[in-house]
Every structure is written in C-alpha cells, then in structure tokens.
**Q** 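To start, I am sharing the structure in question, which I have written as structure tokens.
Every chain is numbered from 1 and lettered A, B, ... according to where its sequence line falls, protein lines coming before strand lines.
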Number of protein chains: 2
Amino acid sequence: MDKQEQILKAALRLFVEFGFHGTPTSKIAQEAGVSNGTLFHYYKTKDELVVALYVYIKTKITGCIASGKEEGETIKATFKRMFVSSMYWALENPIEFRFTQQFHSSPYLSMVSHEEILKQTRYLMDFMQEAIDARVLKPLPTDLLFTLISSHLAGINEYLVASKVDNEKQKEIINHSFDLIWDMIT
Amino acid sequence: MDKQEQILKAALRLFVEFGFHGTPTSKIAQEAGVSNGTLFHYYKTKDELVVALYVYIKTKITGCIASGKEEGETIKATFKRMFVSSMYWALENPIEFRFTQQFHSSPYLSMVSHEEILKQTRYLMDFMQEAIDARVLKPLPTDLLFTLISSHLAGINEYLVASKVDNEKQKEIINHSFDLIWDMIT
DNA sequence: ATTTTTGTGGAGTGATTAGTCAATCTTTAA
DNA sequence: TTAAAGATTGACTAATCACTCCACAAAAAT
C-alpha cells in the first residue's frame with residue numbers, strides 16, 4: 001500500500017519499455033494506481049523521480065552485494081561471492097538491471113550528486129584498495145578495476161539474457177567468467 | 001551542403017546532450033539549419049531518424065575497424081589492430097560512441113532489423129570463427145566472445161574518458177588492456 | 001520547352017505533456 | 001475534542017511536440 005514505492009515500480013517498468021521521455025508522468029500515475037497529484041506530491045519533477053528511482057535501485061544492488069559476508073573469508077572468496085551475487089541479482093532482476101544500464105548511458109547520470117555516487121561505490125572501492133594493499137590485486141587504479149569488472153559483468157549478463165542457456169550451463173559460464181576476470185586483475 | 005547529413009549530425013549532438021525524447025525534432029531542424037518540413041521529407045518519423053543515425057554511425061565504425069588489413073598478418077596482429085583502432089575511434093569520436101551506448105541500452109535497439117545487425121557484425125563474427133577454427137581463440141560461442149570484447153572496450157573507454165591520463169599513459173593502458181582481453185579469450 | 005520529380009520552407013494543427021491548484025480526506029498531536 | 005499537518009484527488013493549463021500541408025523552387029526526364 002506504499003504509494004511512493006508503487007510509483008517507483010510503475011515508473012521502472014514503463015521507463016524500461018518506452019524510455020524516459022517516452023513515458024508520460026500521467027501513465028506512471030495511472031499504472032501505479034494513484035492520481036497525478038500524488039505523484040507530484042512525492043516527486044517535485046519528473047527528473048527528480050528518475051533520479052530517485054536510480055538511487056532506489058542502486059541501494060538495493062549495493063545492499064545485496066555487501067550482504068552475506070562470512071568470517072575468515074579469503075579475499076578471493078569475498079570477491080567471488082560479490083561477483084556471483086551481482087551476476088545473479090542482474091539475472092533475477094532484469095528490468096532493474098536494464099534500467100541502471102539505460103540510466104548510466106543517459107544524460108540523467110549527471111544529475112546524480114557526487115556524494116550519492118561515492119556512497120554507492122565506497123564499500124567496493126575500499127575493499128579493492130585493501131586487496132591491492134594486501135598484494136592480491138594488481139596495483140591498478142581502483143576506478144579502472146571497478147570499470148573493468150562492471151563492464152565484464154554487464155557483458156556476461158547481456159550474453160546470458162540473449163542466449164537462453166540452461167541453469168547448469170549458466171552456472172558454468174558464471175564460474176568461468178569469474179576465473180577470467182580474476183586472472184585479469186591479479 | 002548535404003542537408004541529410006547535417007540533420008544527422010545535429011541530431012547526434014542533441015541526442016547525446018538531451019536524450020532521445022528530450023530533443024524535439026524542431027530543434028534538430030533548427031540546429032541543422034534546415035526547415036521542419038525538410039527533416040520530415042528525409043525521415044518519415046522521429047524514430048526513423050534515430051535508427052538511421054544509429055546505422056550511419058555503426059557503418060562508420062565497422063568501416064574503420066575493417067580497414068587497414070595487411071597481408072601476412074597473424075591472427076593476433078589482426079585482432080590487436082582491430083582492438084586498438086576501435087579504442088581510438090571511440091576516443092576520437094566520443095559523442096558518436098556515447099550515442100551508440102545510449103542507443104544500445106534503449107528501447108530503440110529493437111527497432112533495428114535483424115539483417116542490419118548481422119550486416120554490421122558479420123565481418124567480426126566470421127573472423128572470430130576462423131580464429132577459433134585455427135585453434136587460436138578458445139572455442140566459446142562467437143557472440144559471447146563478441147560481447148566480452150565489446151564490453152571490455154566500453155569499460156576501458158569509460159575509464160580513459162573519465163580519468164584524463166596523458167597520451168603516453170593512455171597508449172600504455174590500451175596495450176595492457178589488449179593483453180588482458182587476449183589472455184582471456186585464448 | 002515542358003512536364004515530372006524531387007527538394008525546401010514554414011506556418012499551422014491536434015494531441016499530448018509536465019506541472020498546478022484548490023478542495024477533500026486521513027492521520028497525528030496537543 | 002480539536003487543530004494542524006500531511007496525503008490524495010482529478011480537473012485544469014500553458015507550453016510543447018511530432019507531424020501535415022501546401023506553395024514554390026530546382027533539377028531531371030521527356
């Protein structure tokens with residue numbers, strides 16, 4: 001019954017299907033089962049809604065990646081756990097993932113404050129820096145490492161979504177693609 | 001004086017800055033220095049213009065990658081030449097490259113005919129298949145290889161654009177990133 | 001020379017859009 | 001119990017948009 005969340009969910013579906021400007025706010029409100037006024041009560045402008053949706057989704061991904069840490073895990077194990085959970089998150093939430101991709105390569109990205117981006121990436125950045133200090137990862141700039149891994153993930157995801165392989169084969173590809181990227185960065 | 005090309009160039013600039021639906025056709029015509037009617041004389045709809053622009057740019061990239069082949073080149077040398085020229089094309093044509101990225105992760109992608117996509121990728125796909133048959137590349141599906149390389153390229157590009165390293169360092173990173181992807185796929 | 005085709009301009013149009021507003025309903029707080 | 005604050009509605013508006021239409025100019029074909 002949380003209208004705010006219903007608005008975000010409706011917006012997500014429509015944005016991915018019709019693009020940002022291709023979906024009118026009126027349709028978002030309709031799809032969410034709320035009035036036009038309610039939408040603008042929560043989000044002053046359409047731009048604000050788009051950015052809020054991005055932050056909402058990014059927070060969910062970040063939370064998912066950060067969770068599940070176990071004591072005494074090696075750096076490699078932590079890395080793999082995060083890699084694999086990112087991969088499965090993207091596979092299980094294809095619309096959310098597509099949205100983030102769409103958002104990233106759109107002019108909206110520049111509307112996200114620098115602090116918000118830092119907040120979302122700090123956990124991973126810190127972890128990678130530690131892994132470099134521990135002489136596990138190659139001493140590359142952390143943002144280069146981050147970009148390499150992100151784009152690798154996006155690439156594998158694109159392939160897995162396009163070519164409908166069975167679950168077993170999928171698992172195999174994910175494991176293999178982890179080995180590939182691991183060899184690349186260590 | 002080619003009005004058609006001026007329209008495409010104006011559209012490109014505006015689409016990248018303001019997004020697809022964020023740029024009105026009237027502004028494209030204005031920026032191109034032609035009338036509204038002329039724009040719709042060449043492109044029946046805005047969607048048709050967007051897709052035409054994509055094909056226009058893709059054709060340029062494909063031509064650039066395919067050119068420069070020398071006799072007696074090893075497979076690795078051919079691969080590296082194509083990798084490096086893609087990389088530099090993206091760096092020298094950042095707006096065109098951003099457009100293709102934006103297009104790829106947008107609902108417009110599905111408006112491109114399957115044949116057109118095949119036409120654009122066949123050259124590379126065939127080359128990769130040959131490289132697999134020659135036991136140089138790992139026997140992975142060619143579209144997985146393609147996706148892996150494309151996303152790797154996009155990732156490196158993103159990094160190079162964001163962190164303004166000098167030309168020498170840039171060259172070093174490009175060479176290094178080729179080695180990384182080469183090790184990954186062979 | 002004359003017809004036909006193609007290119008070009010720009011005012012015009014109907015539909016659509018983001019965003020407003022004043023009126024009601026609901027919840028919270030005193 | 002009552003007052004204030006927040007939530008919700010949907011009709012409304014001013015602006016904007018994709019696209020049309022028709023007049024005319026240039027070029028090509030006859």
**Q** Roughly how many Å is it from NE2 in A/H21 to P in D/dT16, rounded to a whole number?
**A**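 It is 14 Å, rounded to the nearest whole Å.
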**Q** Would one find a side-chain N or O of A/K3 under 4.0 angstrom from OP1 or OP2 of D/dT9?
**A**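 Yes, such a contact exists.
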**Q** Provide, to the nearest angstrom, the distance between the NE2 atom belonging to B/H41 and the P atom belonging to D/dA18.
**A**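 After rounding, the gap between these two atoms is 20 Å.
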**Q** So, do A/F20 and A/Y108 have ring centers that fall under 6.0 Å from each other?
**A**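 Here the rings of A/Y108 and A/F20 have centres that are less than 6.0 Å from each other.
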**Q** At under 4.0 Å, does any side-chain N or O of A/Y43 touch on OP1 or OP2 of C/dA18?
**A**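 For C/dA18, neither OP1 nor OP2 has a side-chain N or O of A/Y43 closer than 4.0 Å.
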**Q** Using whole Å, report how far CZ of A/F40 lies from C1' of D/dG10.
**A**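 Rounded to whole Å, this separation is 13 Å.
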**Q** Would you mind reading off the distance between A/K27 atom NZ and C/dA15 atom P, rounded to a whole angstrom?
**A**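 Taking NZ of A/K27 and P of C/dA15, I get 16 Å after rounding.
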**Q** Quick one: on DNA chain D, does A/Y42 or A/N36 contact a more 5' nucleotide (nearest heavy atom)?
**A**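 Residue closer to the 5' terminus by nearest nucleotide: A/Y42.
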**Q** If you only use heavy atoms from C-beta on, which nucleotide in C/dT17, D/dC19, C/dT20 is closest to the side chain of A/S26?
**A**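 Closest nucleotide among those given: C/dT17.
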**Q** Rounded off to whole Å, could you give me the CD-to-C1' distance for the B/E48 and D/dA18 pair?
**A**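 Value for this atom pair: 14 Å.
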**Q** Any donor-acceptor pair under 3.5 Å linking the side chain of A/K138 with the backbone of A/M184?
**A**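 Yes.
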**Q** Looking at side-chain heavy atoms only, is the closest gap between A/F127 and A/F79 below 4.5 Å?
**A**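 A/F127 reaches A/F79 side chain to side chain.
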**Q** Using whole Å, what does the distance between atom C1' of nucleotide C/dT16 and atom CZ of A/F18 come to?
**A**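 Value for this atom pair: 15 Å.
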**Q** Starting at atom CG of A/L39, determine the distance to atom P of D/dG10, rounded to an integer number of angstrom.
**A**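 Those two atoms, CG and P, are 14 Å apart.
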**Q** Among C/dT8, C/dA18, D/dC17, which nucleotide has an atom closest to any side-chain atom of A/P24?
**A**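 Of all the options, the side chain of A/P24 is nearest to C/dA18.
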**Q** Does B/S35 place a side-chain N or O at less than 4.0 Å from the phosphate oxygens OP1/OP2 of C/dG10?
**A**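 So the side-chain polar atoms of B/S35 never come under 4.0 Å of the phosphate oxygens OP1 or OP2 of C/dG10.
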**Q** If you assign each of A/T23 and A/G37 to its closest nucleotide in DNA chain C, which residue comes earlier from the 5' end?
**A**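 Result of the comparison: A/T23.
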**Q** Phosphate oxygens OP1/OP2 of C/dA18: is one of them under 4.0 Å from a side-chain N or O of A/T25?
**A**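 Checking A/T25 against C/dA18: at least one side-chain N or O falls below 4.0 Å of OP1 or OP2.
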**Q** What's the CD-P distance between A/Q30 and D/dA11, to the nearest Å?
**A**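 Nearest whole value for this atom pair: 13 Å.
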